[in-house]
There are 2 protein chains.
Amino acid sequence: MTNASYKQFCPVAMAAEILCTRWTVVVVREMLCGSTRFNDLRRGIPRISPALLSQRLKELESAGVIVRKGGKGEQGDYHLTPAGLELKPLVESFGLWGQRWIASELSLENLDVSLLMWDMRRRINPAPMPRKTSVIQFQYSGLPAARRNWWLVVDPKSGTDLCSVDPGHEVDLYVATDLRTMTAIWMGLETVRKALGDGRLKLTGDRKLASDIQTWLGLSLFAPTKRAA
Amino acid sequence: MTNASYKQFCPVAMAAEILCTRWTVVVVREMLCGSTRFNDLRRGIPRISPALLSQRLKELESAGVIVRKGGKGEQGDYHLTPAGLELKPLVESFGLWGQRWIASELSLENLDVSLLMWDMRRRINPAPMPRKTSVIQFQYSGLPAARRNWWLVVDPKSGTDLCSVDPGHEVDLYVATDLRTMTAIWMGLETVRKALGDGRLKLTGDRKLASDIQTWLGLSLFAPTKRAA
DNA sequence: CGGGATCCGTAAAGATACTG
DNA sequence: CAGTATCTTTACGGATCCCG
């Protein structure tokens, strides 16, 4: 079917043929967010099968959107080409439209704690945080024990690590909440202040870190978008 | 599969789930270009099966992108909702990227005379043409007899009609060329002047109409886009 | 003739297991 | 870690038919 094409010279149709197969736009989004390794991509796209991810990467490579570095059999390292980088406005169009027009209840049906934490790790802004390494532990009520606790280890110099098992460091701030509340905050559907107010979010530990949370907890790229629906 | 979703709260993924099924973006493009009837859509998307078009229209309706006017069994009349109209920038992103990065030889493999004429009909600009109705006959060499001749009947008041059988009016301008040349001009890949110069395009009839052709023959929306590949 | 619905064979995607 | 292999389910393409 991939070969039995739309047969239209229109550039919209030609681009759609490359990009509008299942998962493809999500793969590109993930690469625009900085993932380059096969398993990093899988982490950002948990429900894609490895076979299909592999196929999509090959298709994107032959379309000139990405290049694979490393020989066959070696570790692959995937990077966007100039053509791939220019897909950024297109992916942003998807995000803006989705944020504006897809009912928020629908988004909040697709809760996924590892996806949320993986996104948060990428968007943490260490600038307003202490010079030293900060450790923030998230505690999600109502989740199975293995997925309940998450640690963000923020080193202003080397970046942020995400752990789902206790890394053993002393914790500077505990964030106790439920997954739906944290996801809604992340998406800009509600605010830290409101969730703190009605008790769905509790912060304990370092006072400064707690009061500054809105400044270092980078929200989703699309959180500022005004909703229409 | 449509229901077994990506399961991601990310608005990019949620939008992609709605829009990135086969043909869907092309259907939206066609509606943004003004088609509202089932068979107008089929004309702009000749290779979609009626069953799949019907299914896509239902999906777009339940996603809130279009509304169907007319009761069940009645004539359907499909219109974009406000959410659908806001897909315009997204569809334009596809077109811009496609025009910039997809090799032109690839586009010119997908020649389709009825698609080209259907697009041209929509983009003709009657303003610089005579007040009276103008008839332009296109003669494509190398096509089977039934698809060789096309007539655009441009009435500055009521709009433009496209005919593939002789409507019987007196012809003001004859445009004799081949399909590849006309498509390349339409896409901005080359100019009328150059095609006239090397004889791949011939204009006979009304001198004024002929010399003004670049002003009234609206090109593809993406013709001004600079290519990268 | 416009606006679809049905049926069937092929092609793509999901799930899971497995390997260098 | 970075993918293949295999099997089942779902989607798509194409032809045909239906109905007002």
Side-chain angles (χ1 to χ4, degrees), chain A residues 1-8 13 16-27 30-31 35-63 66-79 110 112 118, chain B residues 1-8 13 16-27 30-31 35-62 66-79 118 161-165:
Chain A
M1 192 180 306
T2 303
N3 271 2
S5 78
Y6 292 178
K7 294 275 169 64
Q8 297 205 186
E17 214 168 303
I18 294 174
L19 299 169
C20 289
T21 48
R22 192 159 161 77
W23 292 112
T24 304
V25 166
V26 181
V27 171
E30 203 54 26
M31 298 201 60
S35 296
T36 63
R37 311 295 295 275
F38 193 87
N39 281 0
D40 284 351
L41 289 166
R42 287 192 67 183
R43 200 159 174 184
I45 318 171
R47 295 179 59 89
I48 197 174
S49 73
L52 191 51
L53 176 57
S54 174
Q55 184 187 325
R56 289 291 181 262
L57 289 169
K58 281 172 190 152
E59 289 164 4
L60 287 172
E61 189 177 13
S62 84
I66 64 177
V67 282
R68 186 200 140 116
K69 291 174 182 166
K72 197 177 167 179
E74 277 183 82
Q75 304 255 102
D77 198 15
Y78 300 91
H79 289 272
N110 297 144
D112 182 325
W118 182 242
Chain B
M1 192 181 310
T2 303
N3 272 3
S5 78
Y6 292 175
K7 294 273 169 64
Q8 297 204 185
E17 209 170 309
I18 294 175
L19 299 168
C20 289
T21 49
R22 194 161 160 75
W23 292 112
T24 304
V25 166
V26 181
V27 170
E30 203 53 28
M31 297 200 61
S35 297
T36 63
R37 311 295 297 274
F38 193 86
N39 281 359
D40 283 352
L41 289 167
R42 288 193 66 183
R43 202 160 171 182
I45 318 171
R47 296 179 59 89
I48 197 174
S49 73
L52 191 50
L53 176 56
S54 175
Q55 184 187 324
R56 288 290 181 262
L57 289 169
K58 280 171 190 152
E59 289 165 3
L60 286 172
E61 189 177 13
S62 83
I66 64 176
V67 283
R68 186 199 142 117
K69 293 175 180 165
K72 196 177 165 176
E74 276 184 82
Q75 303 254 104
D77 199 14
Y78 300 91
H79 289 272
W118 183 242
D161 278 340
L162 170 64
C163 312
S164 59
V165 296

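Residue numbers begin at 1 in each chain, while the letters A, B, ... track the order of the sequences.
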Applying side-chain contact (heavy atoms from CB on, under 4.5 Å), can you list everything that pairs with [X], at least two apart in sequence or on another chain?
| X | value |
| --- | --- |
| B:C163 | B:W151, B:V153, B:P167 |
| A:S49 | A:A51, A:L52 |
| A:D40 | A:S35, A:R37, A:W118 |

Under 4.0 Å between a side-chain N or O of [X] and OP1 or OP2 of [N]?
| X | N | value |
| --- | --- | --- |
| B:Y78 | C:dG2 | no |
| B:S54 | C:dA5 | yes |
| B:R68 | C:dG4 | yes |
| A:R56 | C:dA13 | yes |
| B:R37 | C:dG4 | no |

Worksheet item: Can you name the residues that form a side-chain hydrogen bond (donor to acceptor under 3.5 Å, both in side chains) with A:D112, not counting sequence neighbours?
Response: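 If we apply the side-chain hydrogen bond (donor to acceptor under 3.5 Å, both in side chains) test to A:D112, skipping adjacent residues, the hits are A:S114.
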Worksheet item: Which heavy atom of B:Q8 sits nearest a heavy atom of A:I45, and at what distance?
Response: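 That would be OE1-CA, 3.6 Å.
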Worksheet item: For the helix from C:dC1-D:dG20 to C:dG20-D:dC1, what angle lies between the axis at the first five pairs and the axis at the last five pairs, to 10 degrees?
Response: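 The angle, to the nearest 10 degrees, is 30°.
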Worksheet entry | Nearest-angstrom distance from the residue atom CZ of B:R47 to C1' of D:dG13 |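 In whole Å, D:dG13 C1' and B:R47 CZ are 9 Å from each other.
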Worksheet item: With nearest nucleotides of DNA chain C determined for B:A51 and A:R42 from heavy-atom distances, which residue corresponds to the more 5′ nucleotide?
Response: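 Per heavy-atom nearest nucleotide, the more 5' residue is B:A51.
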